[in-house]
2 protein chains.
Amino acid sequence: MTNALQDPLSLDAQFCFAVYSTAHALNRTYKPLLDRLGITYPQYLVMLVLWEADDRSVGEIGEKLLLDSSTLTPLLKRLEAAGIVRRERNPQDERQVRVRLTEQGRAMRKVASDFPAELLCATGCDAETLTRLKTEMRDVRDRMLAASAAG
Amino acid sequence: MTNALQDPLSLDAQFCFAVYSTAHALNRTYKPLLDRLGITYPQYLVMLVLWEADDRSVGEIGEKLLLDSSTLTPLLKRLEAAGIVRRERNPQDERQVRVRLTEQGRAMRKVASDFPAELLCATGCDAETLTRLKTEMRDVRDRMLAASAAG
DNA sequence: CACGATTATATCGCGCACGATATAAATGCC
DNA sequence: GGCATTTATATCGTGCGCGATATAATCGTG
């Protein structure tokens, strides 16, 4: 009702700002959890990928996370410097760098196992709502990516 | 059904990654539109705030956008260097910096008036769906911010 | 087998974000 | 009215993200 009269260029009307500011709020919510692991949020995403399947190339990680080497290479070097992963050229294809968890990196998963429940609590949603929102957001994302790929 | 059996630490299970990657996809979708204005996405958010009500302090803009001066000061200086805004100390309170649009800054609004419809198109959603998602995301965000403020 | 094209990472420059700190103006309290 | 406190910006260091480019290994084709 009132919405129909709203200026399409008002901040309140913006879907994009709702997503942008929610992403920042998520970062802020994760911060105290990730401090236990001593890593940042993007580094945590890389850990999720490696916990699911270890020994990946930089490109495979980037494909999962929609990031490219200019973001991942420095990030992975920081994880390596922290003793969390190892990076080694693939002897079968020297162009590739394989990324593998160290023992320390694998052990961090136990600490992280509490995070999903803690995050759910912070959102104040029930699990079903958050799962539905997750799916709807991914659908919007994938249509946008398809649209920008199409040009 | 299948979801109930999913590992809570898998990437697919993460609400946060859905939001994170959607935020990036939005950035990518806005890029060609914002190139017409020669500004970045965070700069566009500042413009939305100023188009709604001109002559704001840095703090007022930050309150709207949930950003602080360490982000806004350099951004506003870039907008000033581009001739889009002016920054002047408030004579009534020399601590404050008032930000005002130039004629050029005001004129940019006409170009931007096409953006909401173009974005809607890129998402492949109908307006009602996007409005509902916007509201649901803001609700989650506000509960997270309240939770992290509470500690 | 040579050589141009493709593929995989890496590097560089720039603009956010954010935590921590600095600076300077205004306010409040005695 | 002087001085500690608060308020408003600014600055600094670090880590993303991304576009553009560089480099080196592999592949494909003649």
Side-chain angles (χ1 to χ4, degrees), chain A residues 16-17 20-32 34-35 38-47 56-63 65-82 84-85 87-99 145 148, chain B residues 16-17 20-32 34-35 38-47 56-63 65-82 84-85 87-99 145 148:
Chain A
C16 66
F17 178 63
Y20 167 91
S21 53
T22 303
H24 289 172
L26 277 163
N27 224 304
R28 191 163 161 178
T29 302
Y30 270 103
K31 181 76 169 53
L34 293 173
D35 283 347
I39 61 178
T40 66
Y41 177 69
Q43 289 168 8
Y44 175 60
L45 294 179
V46 170
M47 297 305 286
R56 305 247 205 186
S57 71
V58 175
E60 285 165 349
I61 297 171
E63 198 176 349
L65 299 182
L66 308 173
L67 295 172
D68 77 350
S69 70
S70 58
T71 298
L72 284 174
T73 296
L75 186 157
L76 291 168
K77 284 184 176 178
R78 282 187 284 270
L79 285 179
E80 188 178 40
I84 295 168
V85 305
R87 298 162 59 249
E88 279 162 14
R89 291 271 164 194
N90 182 351
Q92 267 73 57
D93 182 346
E94 288 278 344
R95 291 173 303 179
Q96 274 194 11
V97 169
R98 308 296 302 184
V99 182
L145 292 177
S148 66
Chain B
C16 65
F17 179 63
Y20 167 92
S21 55
T22 303
H24 290 172
L26 277 163
N27 224 304
R28 193 164 161 176
T29 302
Y30 270 102
K31 181 78 169 53
L34 292 174
D35 283 347
I39 61 176
T40 66
Y41 177 68
Q43 289 167 9
Y44 175 60
L45 294 179
V46 170
M47 297 304 286
R56 304 248 205 187
S57 71
V58 175
E60 284 166 348
I61 296 171
E63 197 177 349
L65 299 182
L66 307 174
L67 295 172
D68 77 349
S69 70
S70 58
T71 299
L72 285 175
T73 297
L75 186 156
L76 290 168
K77 284 184 177 178
R78 282 187 283 271
L79 286 180
E80 187 177 41
I84 295 168
V85 305
R87 298 162 58 248
E88 278 162 15
R89 292 273 163 192
N90 182 350
Q92 268 71 59
D93 182 345
E94 287 279 342
R95 291 173 305 179
Q96 274 194 12
V97 170
R98 308 294 302 182
V99 182
L145 292 177
S148 66

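Nothing here was measured: the structure is a model prediction, and the numbers come from that model.
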Checklist line | Thr73(A) side chain vs Ser70(A) backbone, donor-acceptor pair below 3.5 Å | finding: no
In whole angstroms, the gap separating C1' of dG15(D) from CD1 of Ile39(A) amounts to 13 Å
Gln92(A) CD to dT9(C) P, in whole Å, measures 14 Å
message: Counting the atoms with a prime plus P, OP1 and OP2 as sugar-phosphate, which does Arg28(A) contact under 4.0 Å by heavy atoms, base, sugar-phosphate, or nothing?
response: nothing
_Can you see if the side chain of Arg87(A) gets near the phosphate of dA10(C) - specifically, an N or O under 4.0 Å from OP1 or OP2?_
yes
Between CG of Leu72(B) and P of dC18(C) the distance, given in whole Å, is 10 Å
Ranking dC16(D), dG19(D), dA8(C) by distance to the side chain of Arg78(A), first place goes to dC16(D)
Please determine whether a side-chain nitrogen or oxygen atom of Thr40(A) lies at a distance below 4.0 Å from atom OP1 or OP2 of dC16(D). yes
So CG of Leu65(B) and OG of Ser21(A): to nearest 0.5 Å the spacing works out to 9.0 Å
Side-chain contact check for Thr73(A): nearest option of dC16(C), dA10(C), dT9(D) is dA10(C)
In whole angstroms, the gap separating P of dC18(D) from OH of Tyr41(B) amounts to 14 Å
Taking for Arg98(B) and for Thr71(A) the nucleotide of DNA chain D with the nearest heavy atom, the one nearer the 5' end belongs to Arg98(B)
May I ask you to evaluate whether Tyr20(B) reaches the phosphate of dC16(D), defined as a side-chain N or O under 4.0 Å from OP1 or OP2? no
Q: Over 60° means perpendicular and under 30° means parallel, so classify the ring planes of Tyr41(A) and Tyr30(A), tilted if in between.
A: tilted
Check your understanding: Is a salt bridge present between Arg87(B) and Glu80(B), judged by a nitrogen-to-oxygen distance below 4.0 Å?
Key -> yes
Among dC16(D), dT9(D), dT9(C), the one nearest any side-chain atom of Arg89(B) is dT9(D)
Taken to the nearest whole Å, CG/Leu76(B) to P/dT11(D) is 12 Å
Among the nucleotides dG17(D), dA10(C), dC16(C), whichever has the atom closest to the side chain of Gln43(B) is dC16(C)
Of the listed dA10(D), dG17(D), dA20(D), the closest approach to the His24(B) side chain comes from dG17(D)
To the nearest angstrom, the CG-P distance between Asp68(A) and dT11(C) comes to 14 Å
Verify the contact: side-chain N or O of Ser69(B) to OP1 or OP2 of dT9(D), cut-off strictly under 4.0 Å; return yes or no. no
Which of dT9(D), dT9(C), dG15(D) is nearest the side chain of Ser57(B)? It is dT9(D)
Sorted by position of nearest nucleotide on DNA chain C, 5' first, the leading residue of Lys31(A) and Lys77(A) is Lys77(A)
Asn90(B) atom CG is separated from dA25(C) atom C1', nearest whole Å, by 12 Å
Note to self: Does dT6(D) have OP1 or OP2 under 4.0 Å away from a side-chain N or O of Arg95(B)?
What the structure shows: no
| task | Determine yes or no for a side-chain-to-main-chain donor-acceptor pair under 3.5 angstrom, with Arg56(B) supplying the side chain and Ile61(B) the backbone. | result | no
Rounded to whole Å, the CD-C1' distance (Glu80(A) to dA10(C)) equals 14 Å
dist Lys31(A):NZ -> Leu26(A):CG (nearest 0.5 Å) comes out at 15.0 Å
Classify the nucleic acid contact of Asp93(A) as base, sugar-phosphate or nothing, counting any heavy atom under 4.0 Å across all strands shown. sugar-phosphate
